[in-house]
Number of protein chains: 2
Amino acid sequence: MFDTKNNKNKRIKILEAALYLFSRKGYHRTRMREIAEHAGVGKGTIYEYFESKEDLFTSLIVHLFKALDEYAFQKVKPNMSASMKIKALVTGYLELVENMPREAIMVMTEFWSEGIRNHLKFDFRDMYKKYLRITRKILEEGIKKEEFKETVNVENLSRSLLAFMDGILFHAMLFREEIDLERITEDFLDTVLKGISRR
Amino acid sequence: MFDTKNNKNKRIKILEAALYLFSRKGYHRTRMREIAEHAGVGKGTIYEYFESKEDLFTSLIVHLFKALDEYAFQKVKPNMSASMKIKALVTGYLELVENMPREAIMVMTEFWSEGIRNHLKFDFRDMYKKYLRITRKILEEGIKKEEFKETVNVENLSRSLLAFMDGILFHAMLFREEIDLERITEDFLDTVLKGISRR
DNA sequence: ACATATCGACCGACCAGTCGGTCAAAATTA
DNA sequence: TAATTTTGACCGACTGGTCGGTCGATATGT
């Protein structure tokens with residue numbers, strides 16, 4: 001049927017317009033009318049696909065997170081060493097983030113700031129938990145394989161890595177030109193991995 | 001004169017009310033009427049002290065940043081080793097942040113998200129530059145004193161440390177109960193310092 | 001002809017900022 | 001000291017405009 005595809009196209013178009021505008025003007029400053037115009041649909045049509053402005057916002061976030069989810073994890077291959085896996089996961093995440101239109105990051109930042117206050121129904125802690133789980137598993141595996149010291153605190157370090165990823169992402173946004181994201185991350189991972197590797 | 005003190009009190013009262021409400025409901029959801037009520041003044045009075053809602057918001061941020069500025073840096077004493085200085089700086093920052101009402105962090109997060117989009121006049125990149133400068137200096141000193149390897153990339157690592165600080169702060173907000181900020185930071189710094197120390 | 005999708009004019013709730021008036025206290029005068 | 005004038009901090013009702021969401025009309029597809 002054409003219908004489904006047509007619907008999907010229109011839904012995507014609206015999401016794209018929302019991304020474009022939310023990222024530039026922020027959620028609260030963006031008008032539904034603008035989104036409609038930018039998407040080339042009537043304002044009422046948006047409400048055929050999304051219940052409300054907030055629903056549109058969270059749908060957009062889910063949409064973006066999905067891409068992130070799919071991309072970064074597939075970079076980690078089973079035959080890699082634990083160190084390689086860590087590198088792959090972190091750089092995969094940052095790569096994605098660099099390739100992703102900067103717009104997406106902006107929207108996510110706002111989503112953080114809204115989400116933290118529990119103003120939104122969607123709970124994105126789950127996303128983090130998944131990352132945490134995977135990182136923990138890699139670290140544990142590295143310890144078991146005697147690649148990392150057994151004194152490594154898996155829980156704490158995985159949180160630190162995650163924290164670094166978010167932080168450096170934020171800094172990249174703030175200092176766009178001045179920062180070489182890749183080099184910084186490489187340097188950082190080398191340092192950390194040196195710190196936890198067995199001699 | 002009594003006038004000045006009275007004025008100051010009222011100004012502070014308004015700022016406190018703004019902190020209370022902005023942190024809970026976010027900038028856009030907070031009404032000037034609410035702030036006035038909470039501060040125990042008339043709505044019009046707010047406009048005697050602040051030009052606009054945005055002016056009130058940025059004034060609040062400046063107010064908060066000042067405390068941060070003064071606290072964290074004084075933790076670094078000249079006679080410490082470079083490693084100790086790094087630890088002092090980072091934990092000082094986090095201590096401050098933990099003692100600071102969580103409200104303040106919330107507001108700052110929103111400020112980030114607004115500031116990134118250049119919606120506000122106040123540019124808080126300067127804050128970061130100061131942190132960067134200090135961290136760089138400590139690292140350079142550590143290298144010169146042969147405490148750290150000379151292969152350490154000062155520029156990159158200082159950015160990484162800063163990134164970690166922001167990231168972990170954000171995570172602490174997200175996962176309040178579940179996280180032991182201090183332990184994680186300690187662990188992390190040990191790992192990194194081990195990674196850059198000469199044998 | 002019927003069903004479904006689309007549209008945008010319209011509505012009413014909402015809100016930042018204004019402005020003319022009030023009044024207590026400071027300054028001036030007697 | 002007491003009476004009188006001046007000041008400006010304070011207030012909140014009001015305004016002009018905004019915007020999310022609705023719904024009946026219209027278009028499109030079957």
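Letters A, B, ... are given to chains in the order of the sequence lines, protein chains preceding strands, and every chain is numbered from 1.
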Whole-Å gap separating C1' (dA9(C)) and NZ (Lys43(A)): 10 Å
Rounded to the nearest Å, what distance is computed from the CZ atom of residue Arg11(B) to the P atom of nucleotide dA9(D)? 14 Å
Specify the separation, in whole Å, of atom CZ of Arg29(B) and atom P of dA16(C). 13 Å
Tell me which one of Val192(B), Leu139(B), Leu157(B) satisfies side chain to side chain contact (heavy atoms under 4.5 Å, CB included) with Ile86(B). Leu139(B)
Figure out the CD/P separation between Glu34(B) and dA16(C), and round it to whole Å. 9 Å
Check every atom of dA16(C), dT6(C), dG20(D) against the side chain of Lys53(B) and return the nucleotide holding the closest atom. dA16(C)
Closest non-hydrogen contact found for Met84(B) with Met80(B) is CB-CB, 3.8 Å
Could you check whether the rings of Phe164(A) and Phe188(A) sit parallel, tilted or perpendicular, using 30° and 60° as the cut-offs? parallel
Between atom CZ in Arg33(A) and atom P in dG20(D), what is the gap in whole Å? 9 Å
Rounding to an integer number of Å, can you tell me how far Phe50(A) CZ sits from dG21(D) P? 13 Å
Rounded to whole angstrom units, what separation is found between the NZ atom of Lys25(B) and the C1' atom of dC15(C)? 12 Å
Want to settle it: does Gly44(A) or Arg31(A) sit nearer the 5' end of DNA chain D, counting the closest nucleotide to each? Arg31(A)
Judged by atom type as modelled, is there a donor-acceptor pair below 3.5 Å linking the side chain of Lys194(B) to the main-chain atoms of Leu189(B)? no
Distance below 4.0 Å between Thr45(B) side-chain N/O and dC11(D) OP1 or OP2: yes
Glu54(A) backbone acceptor or donor facing Tyr27(A) side chain under 3.5 Å: yes
Rounding to an integer number of Å, can you tell me how far Ile14(B) CD1 sits from dC10(D) C1'? 11 Å
Nearest-nucleotide 5' precedence on DNA chain D, His28(A) against Glu48(A): His28(A)
Short side-chain N/O contact to dC10(D) OP1/OP2 from Lys10(B), under 4.0 Å: yes
When you measure from the side-chain N and O atoms of Tyr49(B) to the phosphate of dC10(D), is any distance below 4.0 Å, counting only OP1 and OP2? yes
